[in-house]
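Values reported hereafter were calculated over all heavy atoms of this structure, with side chains retained and with hydrogens, waters and symmetry mates removed. None of these values were measured; they are calculated from a predicted model.
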Amino acid sequence: MEKNDYNEITNVYSKTLPILYKSMLIGLIAGIVVVLYRIVLFHAEHISFQIYDFFRVNIKLVPFMFLGLGVLGYLVGVLISKFPMIGGSGIPQVKGIIMGHLQGSWFGTLVAKFICGTLGILGGLSLGREGPSIQLGACIAEGMGGKISKSRTEKKILIASGASAGLAAAFNAPLAGTMFALEEIFKYFSPIILISTMASAMIADLVSKSIFGLKPVFNFDITSNIPLNGYWLICLMGVTLGLLGAFYNFATLKTQKIYKSISFLSPKTRPLIAFFFAGIFGLFFPIVLGGGHKIIDEITPSYGIYFLVVLLAIKFIFSMISFGSGAAGGIFFPLLVMGAIIGAIFGNIATNFLGFDNALYFNFIILAMAGYFTAIVRAPMTGIILLVEMTGSFSHLLSLSIVCIIAYIVADLLNSAPIYDSLLDNLIHKSDKPKFEPYKKITIETVVHYGSFAEGKSLKELSIPKDCLLVSIKRHGADIIPNGNSILKAEDYLIFLTDTDKEASSRTVIEDLTDL
């Protein structure tokens with residue numbers, strides 16, 4: 001039962017243990033669901049390659065293959081039309097729900113996303129499992145949170161915990177799941193959010209490792225580190241990844257616009273284009289099918305630069321076609337695979353032409369994966385931690401950090417917005433405004449950043465929405481009851497109270513005041 005009393009508003013973050021226990025339960029259930037999803041996708045991808053192998057041998061039966069792909073594509077389109085929240089990655093949808101911009105049926109989204117994601121991989125689309133896994137975990141948390149949370153704010157913390165558990169179970173990366181919730185979803189640090197998302201992610205990771213074992217997702221052979229006198233090439237790689245990451249974001253949004261501009265295509269028929277392209281690539285260049293596990297498994301120093309460039313171009317184009325169609329699937333894993341190919345190109349050049357040790361080939365792959373992710377998603381800490389956990393190697397933290405920072409700076413200088421923020425903006429513009437119960441309240445929490453407009457200002461100097469009330473300022477562990485003359489300082493933790501139907505608009509204004 002949800003409550004609105006003042007104690008629930010001001011003390012919600014002091015009740016750590018109850019929220020912690022609930023997050024652990026959500027982590028367990030979400031972990032089981034996401035592990036099941038991983039298993040189903042593994043078999044779906046295996047079957048997909050077998051089917052394409054069969055039709056390459058039996059070329060006369062290819063028309064039947066395209067007929068089957070058409071059926072799969074149309075079924076995916078029907079599901080997306082009926083459940084709009086399942087289209088694409090799922091990460092922008094989770095952010096939108098937590099921010100108050102979006103609303104949907106958690107159970108319908110859960111079932112439809114599971115089915116739709118599986119059909120996409122079965123058809124061979126270049127999509128990943130991580131976005132759907134995050135959304136599946138968030139759906140589990142949303143459903144359970146409606147029963148066990150004591151407030152709407154607590155429910156949103158649990159949804160973030162479910163999302164964290166989803167990423168942890170998808171990649172065996174609990175710390176990356178935790179950091180993703182803080183860095184990408186909330187974009188501020190809160191002790192209760194940290195402990196809740198971490199507990200949920202750890203439990204989900206335990207479930208995942210119980211099934212898939214302790215072996216890292218990427219088992220690269222790392223035997224040495226790039227010498228300091230070779231860091232100039234790492235810096236050049238960072239610049240390149242920043243440029244390519246900005247282009248990826250531009251191309252992703254442009255592809256979606258192109259799909260929408262084609263008058264004879266509807267949400268039901270757009271996925272058909274992606275499935276038909278999957279058929280073409282399945283016959284003539286099958287290595288690019290699916291998320292890219294086959295590329296990671298087979299990429300070796302024996303690949304020449306020409307082949308790697310062609311492989312990168314085709315994987316990039318196919319990923320744009322797949323994701324732009326609106327099919328249910330993530331960009332997370334495919335972009336990591338493309339980053340790996342970029343790293344392989346750098347590793348090839350470094351070892352064959354610049355005198356670097358051949359043993360450093362896979363180091364460049366790992367660095368490029370993290371840098372490309374950072375340039376696109378704009379979450380450097382998540383990228384660094386994710387690659388450390390996915391490779392099981394802690395020996396290249398310095399080089400990882402340098403590549404990610406440079407890639408971040410370059411992408412930012414190019415005014416390339418983080419991809420999930422851009423995708424969320426597109427979703428908000430085309431979605432109906434959520435309908436909330438009248439007179440229900442919700443809290444909005446934020447931190448006053450150094451250099452923000454609100455720092456050093458009194459409350460009466462700020463244009464806070466009239467339907468939004470600042471009820472508490474937490475400063476160095478003490479609670480301050482605010483008034484018009486209260487001066488806000490950097491690191492102040494603010495708790496606002498507003499109507500549920502005003503949450504999204506109020507949150508936007510508050511973030512503009514308190515963020516950089």
Side-chain angles (χ1 to χ4, degrees), residues 34-80 86-90 112-133 136 170-171 212 217-218 269-299 311-312 314-338 340-341:
V34 173
V35 164
L36 178 61
Y37 185 64
R38 281 183 65 176
I39 294 172
V40 171
L41 290 191
F42 173 81
H43 290 292
E45 188 170 56
H46 181 67
I47 293 171
S48 175
F49 278 101
Q50 286 184 323
I51 291 173
Y52 285 116
D53 288 342
F54 172 81
F55 282 107
R56 279 197 302 274
V57 175
N58 300 276
I59 200 71
K60 292 181 179 180
L61 299 177
V62 165
F64 293 100
M65 180 194 76
F66 280 101
L67 179 62
L69 289 171
V71 172
L72 286 180
Y74 187 72
L75 181 56
V76 167
V78 170
L79 285 171
I80 293 172
I86 70 171
S89 167
K113 189 77 171 190
F114 196 109
I115 296 172
C116 209
T118 302
L119 294 178
I121 296 300
L122 182 63
L125 300 190
S126 181
L127 298 170
R129 66 173 182 254
E130 70 304 314
S133 296
L136 292 176
F171 284 152
F212 299 107
V217 175
F218 298 137
T269 56
R270 285 174 195 151
L272 289 171
I273 304 297
F275 276 87
F276 287 148
F277 269 94
I280 295 171
F281 289 127
L283 292 175
F284 299 105
F285 206 70
I287 194 173
V288 299
L289 296 177
H293 296 86
K294 206 167 197 60
I295 294 175
I296 295 296
D297 292 339
E298 295 185 6
I299 195 167
L311 178 61
L312 175 63
I314 295 178
K315 184 64 176 176
F316 179 87
I317 293 170
F318 188 30
S319 297
M320 293 297 109
I321 294 171
S322 297
F323 188 77
S325 71
I331 61 173
F332 216 125
F333 198 86
L335 74 83
L336 289 177
V337 171
M338 284 183 275
I341 300 171

*Centroid-centroid under 6.0 Å between His293 and Phe42 rings*: no

Checking [X] now: which residues fulfil side-chain hydrogen bond (donor to acceptor under 3.5 Å, both in side chains) with it, not counting sequence neighbours?
{"X": "Thr269", "value": "Ser266"}
{"X": "Arg270", "value": "none"}
{"X": "Glu298", "value": "none"}
{"X": "His43", "value": "none"}

*Do Ile121 and Leu125 have side-chain heavy atoms sitting under 4.5 Å apart?*
no

_Considering only residues two or more places apart or on different chains, which pairs with a residue in residues 316-329 satisfy side-chain hydrogen bond (donor to acceptor under 3.5 Å, both in side chains)?_
Ser126-Ser319

*Ile296 and Ala340: which non-hydrogen atoms are nearest, and at how many Å?*
CD1-CB, 3.7 Å

*Identify the heavy atoms of Ile299 and Ile341 that sit nearest to each other, and give their distance.*
CD1-CA, 4.2 Å

Distance (rounded to the nearest 0.5 Å) between [X] [atom1] and [Y] [atom2]:
{"X": "Leu127", "Y": "Ile331", "atom1": "CG", "atom2": "CD1", "answer": "10.0 Å"}
{"X": "Ser133", "Y": "Phe333", "atom1": "OG", "atom2": "CZ", "answer": "11.5 Å"}
{"X": "Ile80", "Y": "Leu75", "atom1": "CD1", "atom2": "CG", "answer": "10.0 Å"}
{"X": "Met65", "Y": "Phe275", "atom1": "CE", "atom2": "CZ", "answer": "12.5 Å"}
{"X": "Leu119", "Y": "Leu69", "atom1": "CG", "atom2": "CG", "answer": "11.5 Å"}

*asked:* I need the full list of salt bridge (charged side-chain N to carboxylate O under 4.0 Å, His left out) pairs touching residues 118-133, with sequence neighbours left out, sorted by first then second residue.
replied: none

*Which residue pairs pass the salt bridge (charged side-chain N to carboxylate O under 4.0 Å, His left out) test when at least one of the two sits in residues 42-59, sequence neighbours left out?*
Asp53-Arg56

Could you check whether any side-chain N or O of [X] sits under 3.5 Å from a backbone N or O of [Y], counting only pairs where one atom can act as donor and the other as acceptor?
{"X": "Lys113", "Y": "Pro132", "result": "no"}
{"X": "Ser48", "Y": "Leu122", "result": "yes"}
{"X": "Lys315", "Y": "Met338", "result": "no"}

*Under the ring-ring contact (aromatic ring centres under 6.0 Å, His included) test, which residues partner Phe114, sequence neighbours left out?*
Tyr37

*Could you give all pairs that pass the ring pair (Phe, Tyr, Trp, His ring centres under 6.0 Å) test and reach residues 52-74, with sequence neighbours left out?*
none

Return all side-chain donor-acceptor pairs below 3.5 angstrom for residues 277-287, not counting sequence neighbours, or 'none' if the list is empty.
none

